[in-house]
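Inspection log for the structure reproduced underneath, given as structure tokens.
We use all heavy atoms of the structure for the numbers below, so side chains are in, but hydrogens, waters and symmetry mates are not. Both ligands and their constituent atoms are indexed starting at 1 by order of listing.
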Amino acid sequence: MSTPRVFHNLIGGEFVPAQSGKTFERRNPADTRDVVGIFADSDERDVHAAVEAAKAAFPQWSKVPAPKRGEILLRAAELLHARKEQYSRDLTREMGKPLFEAGGDIVEAIGMAQYAGSEGRRMHGVTTPSELPNKFQMSIRQPIGVVGLITPWNFPMAIASWKMLPAIVCGNTVVIKPGEDASVSTYNLVQCLMEAGLPPGVVNIVTGYGPRAGQPLVEHPDVPVISFTGSTETGRLVYELGARRIKRVSLEMGGKNPLIVMPDADLDLALDGVLWAAFGTTGQRCTATSRLIVHRAVAKELVERIVARAQSLRVGNGLDPATEMGPLVNEKQLQRVLNYIDIGKQEGATLLCGGYRLTGGDYDYGYFIAPTVFTNVTPQMRIAREEIFGPVLSVIEVDSLDEAVAIANDVAYGLSSAIYTRDINAAFRAMQALQAGIVYINAPTIGAEIHLPFGGVKATGNGHREAGPTMLDVFSEWKSVYIDYSGALQRAQIDNAD
Ligand code: NDP
């Protein structure tokens, strides 16, 4: 194994160690003999230094014309494209997903760099006619200031790009605290931005653990915007801390996503969709399918076929091109998923396949688990209600579309959802009735594209949508401007009354 890379914090364009001098190491979850990197174990002091650097960079960066800001992003997209293979390997090593999926993470960042970069030439405001003569009015978007970003480990390049690139094209400066399990990809993204011409201090990176390095960012009085993706538990805390300081807090949290299969569905298509959405990224996606809600008429056949395919999935080190499913991200996540499997058994669900840690040979060096399917799951069971974040599928049988939708909606979360049917009326009824930020028809619950709003309802989000045109609303402030060229005092509403 090669000597591990050392990653210092990036503050004001300089790479500096944590002020405490402390570090932590990250090991490859597929092979814990492989040290991926040594990182700064930051605390409040490092966060404060990063915020000062971002504040210092803000006046100049916010005055750079938006199309010029966008050009830097477009150049960064080209650099990311050229380095896709290397960055995919880095990403696989740090969080475990197979190379072909890691490549998807980089592709999302390229897409976001292009989309946000070209937004620099749009950033449309609104102009409307006035009620009064000789008066003009419009609204413009303005940068806000220092934006704090807190990201998870499951899409370490994509989620960082979804937040950082719109934030900077809007003219803000950024401090990012990446998930401690996957920080390398954030450095790779920022490296491309710096080479593309991003001035020092516009993006600052502080690595470390959530409570020590993330929370001071949320609490900092000079960071008016926080964008967070992660668990609902942490998101709630971030929201509370932000509310006390009247911050804008954009939250993207957990999911318990349903995939409905009706009796008239193309079962081959549904089968492929379920396998990809339940076991892709080892089930560690906020949009993963964790509940299969299937009509009784086709349940037996579909479930038998899912189990056969799940049992033959090649689980292993994501760096091996033959691997279809990688490890879980860390020991804690492994224990959490195994614990939920125990809960499912105790609740009386039937374990059809998987349910155990994979061991022997190279498996002994990683956090591998067999793809797991439970049947005879009732909607009240914890495995049908709580986010597991692992390769565990709970199958619930139903007798009608109405019952399927009611069960789909009867959880705390509302991120993604899917229905497989060839009945156009059923598809549209479900599209309207499903309580979720995203609905797929004849496609699995994963596969969001960056140019549509992304986010969820209920305990998944708090009303913001990152990605798509709505991303600008998170990272910019509206200003309405009225220009009266009548040369006289015109009293709005009052003069207008008759
Ligand atoms: P967390 O919510 O704990 O972490 C998300 C981010 O928040 C990380 O950067 C984390 O840092 C940071 N953080 C943790 N505590 C604080 C705090 N007090 N103040 C500020 N920031 C904080 O998720 P985990 O990574 O621990 O994963 C646990 C569960 O979260 C999963 O099992 C899954 O259910 C859910 N999850 C959902 C995701 C989604 O996309 N919706 C993504 C990832 C997880 P650090 O990494 O150092 O803890």
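Surrounding CD of Glu195 are more than 12 heavy atoms belonging to other residues, nucleotides or ligands, all under 6.0 Å away.
Ligand 1 lies nowhere less than 4.0 angstrom from a heavy atom belonging to Phe155.
Atoms of ligand 1 found under 4.0 Å from any heavy atom of Gly208 (numbered from 1 in listed order, with element): 47 (O). Residue contact check: Leu237 has heavy atoms under 4.0 Å from atoms 18 (N) of ligand 1. Taking every non-hydrogen atom of Trp153 and a distance limit under 4.0 Å, the qualifying atoms of ligand 1 come out as 24 (P), 25 (O), 27 (O). Less than 4.0 angstrom separates some heavy atom of Ile150 from each of these atoms of ligand 1: 6 (C), 7 (O), 9 (O), 12 (C), 20 (C), 21 (N). Atoms of ligand 1 found under 4.0 Å from any heavy atom of Gly179, numbered from 1 in the order shown, are 9 (O), 46 (O). Atoms of ligand 1 lying under 4.0 Å from at least one heavy atom of Thr151, given by number and element, are 6 (C), 8 (C), 9 (O). With ligand atoms numbered from 1 in the order given, ligand 1 contributes 32 (O), 34 (O) to contacts under 4.0 Å with heavy atoms of Arg336. Residue Pro152 approaches ligand 1 through these ligand atoms, each under 4.0 Å from one of its heavy atoms: 42 (C), 43 (C).
Considering backbone and side-chain atoms together, Gly210 places an N or O closer than 3.5 Å to an N or O of ligand 1. Considering backbone and side-chain N/O atoms, Gln333 comes within less than 3.5 Å of an N/O atom of ligand 1. Remark: ligand 1 and Lys177 share an N or O pair separated by less than 3.5 Å (distance only, no angle test).
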- Passes salt bridge (charged side-chain N to carboxylate O under 4.0 Å, His left out), Arg309 versus Asp272? Steps please. CA-CA 9 Å; Arg309 286 269 297 274; Asp272 285 342; 3.0 Å; yes
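Between the side chains of Asn317 and Asp362, not a single donor N or O lies within less than 3.5 Å of an accepting N or O. With no hydrogens or angles considered, no side-chain donor-acceptor pair links Asn339 and Gln335 at under 3.5 Å. A side-chain N or O of Ser42 and one of Asn9 form a donor-acceptor pair less than 3.5 Å apart.
Side-chain atoms of Lys256 and Arg291, non-hydrogen and from C-beta on, do get closer than 4.5 Å to each other. Considering only heavy atoms from C-beta on, Thr151 stays 4.5 Å or farther from Trp162 through its side chain.
Residue contacts with ligand 1, taken as heavy atom pairs separated by less than 4.0 Å, involve Met253 solely via the backbone atoms N, CA, C and O. Here Glu387 has side-chain heavy atoms under 4.0 Å from ligand 1, and that is the only part of it that gets that close.
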Can you give the donor-acceptor pairs under 3.5 Å from side chains of residues 409-418 to other protein atoms, not counting sequence neighbours?
from   : atom 1 : to     : atom 2 : distance (Å)
Asn409 : OD1    : Gln435 : N      : 2.8
Asn409 : ND2    : Ala433 : O      : 3.0
Ser416 : OG     : Thr445 : O      : 2.7
Ser417 : OG     : Ile438 : O      : 2.9

